[in-house]
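In the text below, chain A, chain B and the rest are named by the order of the sequence lines, each starting its count at 1.
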Amino acid sequence: MPMEKTFNAAEAEPRIYAAWEKAHAFAAGANASREETFSIMIPPPNVTGSLHVGHAFNNTVQDILTRWKRMQGYDTLWQPGQDHAGIATQLVVERKLAEAGLPPRAEMTREAFLSRIWEWKAESGDTIINQLKRLGASCDWDRNAFTMSGAPGAPPGDEGNFHDAVIKVFVEMFNHKDADGNPDPLIYRGKRLVNWDPHFETAISDLEVENVEVAGFMWHFKYPLAGGETYDYVEKDEDGNEVLREVRDYISIATTRPETMLGDGAVAVHPTDARYSAIVGKLCEIPVGPKDQRRLIPIITDEYPDPTFGSGAVKITGAHDFNDYAVAQRAGIPMYALMDTKARMRADGGPYEIDAREAKKISEAWLVKKGYLKKPDGFWIEFGDPAEEIVSAMNLVPEAYRGLDRFEARARVVADITDEGLAVMVPATDPRLGKAYASSRQARGEDGRPTDSYEEGGMAPEAMLVPLVEPKPIMQPFGDRSKVVIEPMLTDQWFVDTAKIVGPALDAVRDGRTTILPESGEKVYFHWLENIEPWCISRQLWWGHRIPVWYGPDVSQTDVAERFQEEKEKLAATLGRELTESEYFEIMHHHFDHLPTPNQPRFCGNSEEDVVVQALLIYGEDTDVLFSSDAEEQFGFRAAATISPKVGGRRQVRLSRDPDVLDTWFSSGLWPIGTLGWPEQTEALKKYFPTSVLVTGQDILFFWVARMMMMQLAVVGEVPFHTVYLHQLVRDEKGEKMSKTRGNVIDPLTIIDQYGADALRFTMAQMAAPGGVLKLSEERIKGYRNFGTKLWNACRFAEMNGVWEGHATSAPPTPTATVNRWIVGEAARVRADVDAALTAYRFNDAANALYAFVWGQVCDWYVEFAKPLFDGDLAQETRETMAWVLDQCMILLHPIMPFITEELWQTTGAR
RNA sequence: GGGCGGUUAGCUCAGCGGUAGAGCACUACGUUGACAUCGUAGUGGCCACUGGUUCGAUCCCAGUACCGCCCACCA
């Protein structure tokens, strides 16, 4: 039967892929004829995902490498799998619940919600796998992995090892000891200022924050000195000439976030700033809130304020700004939290009046401690550093603002201060007000922002005094998934002490055990790792690996304390004095490395059984250890840890598990070893780890690549991969990012439907110059579809001339005719070029070399010259040569265009 | 503000110490035994700018301009 004029991709591709699967052609080790291994871990797509051009590119590159090595006889593994993608998936499922009119997550138990997610995962989990198959991805699907496999509640089909691996790593990092056997935890918990996403109500890591420049305003307000004190405010120019001198009873503060004034703990000026030296160590008043209950805060010095910027004085709000946090820590200034988890002004706690009074005492005590104030005569309560818990429980939001959204609160604060006359006023011509305002007498709204209306009335702009509100571009942090403004929040979170594990990850790239391509990626890698910050790994979500830490009840609650009385007395006798409380608890928990609070024991283990063993050491063998339930935890996980009195010689202790889950990148950070069965020493692990190459987008160099390096080196002491091939984002033909709003999204599946997977793959390969920008145009894809047709027709021509009758030999023929000898030589050369190009990850060179050879040499010249030869004595030799040459083309093209080459082999009977 | 990268034909991009390359587009011609999703021939470049190193620079070095991307705390 004569061949069709073109390759029918739509019909052939599914049929061919099914045949490959049936033959287990992609199983690990399939077709292996040598010992050497070649392994790639797929960057696991999110379970919420569907194939986009980025995936198409990424997986094409991986597939080319995998097929190329597999054809060379390597023992090859391309490991597939998916990522549970904590926040992203939880978001999708919450949206689904809403769409279905079901109760929201807040009204479900944790367990019930998780089972919804598992259901959803089962439904949608196969989508991307099927799409990858359409692309031709030759993954070993029997080994498909998932980053949440084996977690509690996982349904059949997801009973893998991943959860155990993640938990084991957490426990090991938590219990890590240094070379001398001393505790050296790589993971710790602490109250820190973290990036808080008010939409998802969880902490996120630095990397999940996108800073975007937005139009903002800077307001200038007067903080009056306490007790109506005054000072001479003198301003000098660069030459030291006095340009302004006036008597002031206030200090001027500039801020872009007036609502955080309520939480100010101090005002800071630079120690060398002569303008304010007279008032350092005095108290000033935050100009918001009920007039008779205004809070007083000290004026302090710190290196942080820049005397040349603004007024040179900075308000310090330790709980709501990262810079201020650092200042507050250095100076011992309390950090007052103002907002709830949704970033509304707090409405909990006691009346403002009481807490404001307490805060004033703290301020005064601070001044006494620093020597600015003498301890007053008479009654005086000594304040130490007030306990963190006390400070964070205080609510310094005046009643009028409680419960307001932060932006609403901002408008109210600005309006109230302005109404009271405590905004800094300037002539309407002041250049800082911005051009539009100064030139127009434009009116300002309640919050001082320019409005569209114009003020009528006869006053000249220069005579009119207006509040100083500078329009100013500010960098605002947004959540990368929620797109809401991130709020710095003071919360308890878990961190990886990255500084302790970063060294080996840097060394491995420095000494070449791992190579990053393109080379510029290494510089970026070094730069980030050399300046690495602690990694916040706890998330206040439900979908994820729950942190394997349990809290026990406060032992002082019951007679448990008596068990230790004896030991306490013994030690006290030895020391010759009473033990302090903390010494007492230290004894009690001497075999534990870390204590969360002086009195609440913490256990970290791989399983509840592990934890029971630990708990019995604390509470005694005569204890039944239980675990708290969802319902018991609804008032707080710490409170859910309880202890009962002894009944019949036994007592019950209820442990409560940390409610947080781990950052999804913590688990995907273990992808290379986890997918191979670690912690079991599986055959696959021995064989395929470390992996050969990681192919991934540049955008997740920090999120994933760097963390895999750190974690694999920390856990198994080996690099996870020898080479990292980084590529860019796939853009549209104009180089613009594809987005739904721009309407320039190219759907790879549509392309595959229209032009076939091979055309798309060849285009991807052709674009893949190391470090190059990936601009995808449909024209180009069409061109490479034509290339496939060209090859098809060359084979069709060969078929019409009986070329395939003797099949292709694998050994190069040794013809006599010049043309035949020439093409055999050219074929050998292109083979060497393609191998060299792929070895160097120069996919574009490989694709271009093949294009030039197949079209420019084989079709344009060789086939033309061969035509007359089929009529003469050299016909047989020419047939054999052509069969071999075309077979070579197919072999070399197969990794890039697997479908059409497979089909050609089948239909021509070439193999 | 810091870091990284780019600037080569009309377009998209390779190249890299020694007469500038590809694809697409364009022009002219062409239904010669597979292919019109085609063939043949051709047009087209101060390799951003300024200096330096060199026998020789698109390439190496320094600086300038513009364009991207990443990171960053100026209230």
Criterion salt bridge (charged side-chain N to carboxylate O under 4.0 Å, His left out) on A:Arg796 and A:Glu799, from CA distance to verdict: CA-CA 5 Å; A:Arg796 181 161 172 261; A:Glu799 217 234 353; over 6 Å; no

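- With respect to the salt-bridge test (charged N to carboxylate O, under 4.0 angstrom), the residues A:Arg510 and A:Glu530 qualify.
- Look at A:Asn848 and you won't find any side-chain N or O under 4.0 angstrom from OP1 or OP2 of B:G23.
- Side-chain proximity of A:His527 to the nucleotides B:A75, B:C4, B:G3 is greatest for B:G3.
- Using a 4.0 Å heavy-atom cutoff across all strands shown, A:Pro518 reaches no nucleic acid atom at all.
- The listed nucleotides are B:A75, B:C35, B:C73; the one nearest the side chain of A:Lys5 is B:C35.
- For A:Gln766 against B:A22, a side-chain-to-base donor-acceptor contact under 3.5 Å is absent.
- Taking only side-chain atoms of A:Val314, from C-beta outward, the nucleotide of B:A75, B:C74, B:C73 with the closest atom is B:A75.
- Rounded to whole Å, the separation between the P atoms of B:G52 and B:A57 comes to 11 Å.
- Listed nucleotides: B:G39, B:A72, B:A75. Nearest to the side chain of A:Asn211: B:A72.
- For B:G33, its base sits under 3.5 Å from the side chain of A:Asp871 at one donor and acceptor pair at least.
- Looking at the side chain of A:Arg842, the nearest of the listed nucleotides B:A75, B:C71, B:G15 is B:G15.
- Comparing A:Lys782 and A:Lys315 by the nucleotide of RNA chain B whose heavy atom lies nearest to each, the residue mapping closer to the 5' end is A:Lys782.
- Contact annotation: the side chain of A:Pro307 approaches that of A:Arg275 to within less than 4.5 Å [non-hydrogen atoms, C-beta and beyond].
- Aromatic pair A:Tyr784/A:Tyr851: centroids less than 6.0 angstrom apart.
- Checking B:G23, B:A75, B:A34 against the side-chain heavy atoms of A:Ile474 singles out B:A75 as nearest.
- Along RNA chain B, the nucleotide nearest A:Pro307 and the nucleotide nearest A:Tyr851 are compared for position; the residue whose nucleotide lies closer to the 5' end is A:Tyr851.
- Between A:Arg796 and B:C35 there is a side-chain N or O to OP1 or OP2 distance below 4.0 Å.
- Looking at the side chain of A:Phe309, the nearest of the listed nucleotides B:C71, B:C74, B:G39 is B:C74.
- Taking atom P in both B:G45 and B:G6, the straight-line distance is 25 Å, to the nearest Å.
- Results of the ring-ring contact (aromatic ring centres under 6.0 Å, His included) test with A:Phe702 over A:Trp528, A:Trp535, A:Phe526 single out A:Trp528 as the only residue that passes.
- In the set B:C4, B:C73, B:C74, B:C74 carries the atom at the smallest distance from any side-chain atom of A:Asp306.
- Taking the side chain of A:Trp855 as heavy atoms from C-beta on, and the options B:C74, B:A36, B:G39, the nearest nucleotide is B:G39.
- Without hydrogens or angle criteria, A:Asn793 side chain to A:Thr789 main chain gives a donor-acceptor distance under 3.5 Å.
- The phosphate of B:C11 (OP1 or OP2) has no side-chain N or O of A:Lys775 nearer than 4.0 angstrom.
- Of the listed nucleotides (B:G33, B:U37, B:A34), B:U37 has the atom at the smallest distance from the side chain of A:Arg785.
- No hydrogens or angles were tested; on distance alone, a donor-acceptor pair under 3.5 Å links the side chain of A:Lys867 to the base of B:A34.
- Because its glycosidic torsion is more than 90° from 0, B:C71 is reported here as anti.
- Side-chain N/O atoms of A:Asn786 include one lying less than 4.0 angstrom from OP1 or OP2 on B:C38.
- Between A:Lys472 and the phosphate of B:C74, there is no side-chain N or O to OP1/OP2 separation shorter than 4.0 Å.
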